[in-house]
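One structure below.
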There are 2 protein chains.
Amino acid sequence: MAERPFAAARARSPIPDATVARLPLYHRVLLGLADQGMATVSSDALAASAGVSPAKLRKDLSFLGSYGTRGVGYDVAHLLGQIGGELGISLEWPVVVVGVGHLGHALANYGGFATRGFRLAGLVDADSALVGSVVAGVTVQPLAELADIVRAENIAIGVIATPADAAQGVAELLIDAGVQSILNFAPVVLAVPDDVEVRKVDLASELQILAFHEQRKLSSPLMAPAVGDAL
Amino acid sequence: MAERPFAAARARSPIPDATVARLPLYHRVLLGLADQGMATVSSDALAASAGVSPAKLRKDLSFLGSYGTRGVGYDVAHLLGQIGGELGISLEWPVVVVGVGHLGHALANYGGFATRGFRLAGLVDADSALVGSVVAGVTVQPLAELADIVRAENIAIGVIATPADAAQGVAELLIDAGVQSILNFAPVVLAVPDDVEVRKVDLASELQILAFHEQRKLSSPLMAPAVGDAL
DNA sequence: TAATGTGAAGCTTTTCACAGCC
DNA sequence: GGCTGTGAAAAGCTTCACATTA
């Protein structure tokens, strides 16, 4: 790897996944600094605001290019533009949310949607009692319409907020309609082709990871008594 | 590493973070297999269900102990018990959710709460119009009560589902009251002491990571034309 | 024979530390 | 003098491949 076959037109070297996962964070923090009127920022200051180490931040940014000025720091507006460009924020990505339960409602009403380059282009639910209602300014449509919506709106990203047992079927509908990126909130492992990217968010898993660490604290020899255990 | 200094009483060697993060997944998949009446399962089959490689699964489980039988596989019930034990599922962790907007509602009504070892022990909001209302069977209490609730219910895990600008203040209230584990849904970096564990879930970041990869596809030489770009 | 458990190899990510530039 | 950009070292994670055991 990293052999750079023939350096085709667009072949900037690939950005590591770990770095990509932090770009939205940097972008958000920079937005805040820009709001405060800060014109330049050092890697130390930016790293502190983002909660990462300065070395990690500099390494991450170095994969995008050399956008800093030695002895000075980074130009906030310019760096915002560069990271925004990588993230495709200049475009407006149409997104469809499938499942309009409590979570679907929350997602549809999520404020950061529009400001971060996304547009709620469709809202779909299998429950006919919900179909036709308007949520966050969008009319809920039946599941049967999903494929048409995806094609009509040129949707590239689908969000699954259904119960677990409906998620795989919805994923297949999305993929058949051409969606290649899925954000899955249902607690199931989706089976998808290799060219489809799935990211998952699982509340229960996050809580259980926290509980694991809490439990370690309880059973460690250094502390335990005071706590007294729930249940 | 793996040097085992003096093997003190409780000193099982530390489980890698990457492994811990997958234990909830394994636990959930095993629950499904147990439901189907499966008594034993091979690493290949379990790995396939969990969407990980068999080698990774075996390595992960080996950190917990040697719970498999060569030539046979793993006893589903026994393995469930072991992983559940690590995750503290036998206990019932009381959790407080701060912020009862759309997302807070969704979290409060989340079904997997009880079945995975958690109990919604408190619901708090700064908006006096919400205080007193009942959500998911729990009465919403004012922010001023937060510390008392944490202490009265012996809460170890706090969930922040407030707007971004309220999150840091809520985190400080939680920490002052003794909470050491926080799940943060607000799009801000929380500043917390070293002994407090924070996990964060950020919808916008997840979407932006997907958008990054979509954008790479668009600009790759192998494909681009057909799509035709939103906006 | 079948499938686990695990050293060792390979890869990715993070950290270090300093040369290079403003 | 100050701060970035980056090779190199260290740490962490995944995969390999096979000895081991039921």
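Note on naming: letters A, B, ... go to the chains in the order of the sequence lines (proteins, then strands), and numbering restarts at 1 for each one.
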Please set out all donor-acceptor pairs under 3.5 angstrom arising from side-chain atoms of residues 39-50 of chain A, sequence neighbours excluded.
{"residue": "A:S42", "atom": "OG", "partner": "A:A45", "partner atom": "N", "Å": "3.1"}
{"residue": "A:S43", "atom": "OG", "partner": "A:R58", "partner atom": "NH1", "Å": "3.2"}
{"residue": "A:S49", "atom": "OG", "partner": "A:A45", "partner atom": "O", "Å": "3.2"}

Per-pair distances, 0.1 Å, donor-acceptor, side chain in residues 185-195 of chain B, under 3.5 Å, sequence neighbours excluded:
{"residue": "B:D195", "atom": "OD2", "partner": "B:Q180", "partner atom": "NE2", "Å": "3.4"}

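When the C1' atom of D:dT14 is taken as reference, atom CZ of B:F63 falls 10 Å away, rounded to whole Å. At whole-Å resolution of the value, NE2 in A:H78 and P in D:dT4 are 15 Å apart. Atom-to-atom, CG of A:D60 to C1' of C:dT15 comes out at 12 Å; the value is rounded to the nearest Å. D:dT4 atom C1' lies 16 Å from atom CD of A:Q82, rounded to whole Å. Nucleotide C:dT12 holds its P atom 15 Å from the CD1 atom of A:I15, rounded to whole Å. One atom, CG of A:D75, and another, C1' of D:dC3, lie 15 Å apart when rounded to the nearest Å. Atom P of nucleotide C:dA17 and atom NZ of A:K56 are separated by 17 Å, given to the nearest angstrom.
Remark: A:S181 pairs with B:E214 by the side-chain hydrogen bond (donor to acceptor under 3.5 Å, both in side chains) rule, at least two apart or across chains.
The stretch residues 59-78 of chain B participates, sequence neighbours left out, in these salt bridge (Lys or Arg N to Asp or Glu O under 4.0 Å) pairs: B:R22-B:D60. Sorted by first and then second residue, the ring pair (Phe, Tyr, Trp, His ring centres under 6.0 Å) pairs with a member in residues 40-73 of chain B read B:Y67-B:H78; sequence neighbours excluded.
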Encode nucleotides 2-8 of chain C as B, S and - characters from 5' to 3', where the letter depends on protein heavy atoms closer than 4.0 Å: B to the base, S only to sugar-phosphate, - to neither. BBBBBBB

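At a threshold of 4.0 angstrom between heavy atoms, the contacts of A:T19 with the nucleic acid are absent. Residue-level contact check: B:P16 touches the backbone only, with heavy atoms under 4.0 Å from sugar-phosphate atoms and none from bases.
In this structure, B:L80 and B:H27 have side chains that are in contact, with non-hydrogen atoms separated by less than 4.5 Å.
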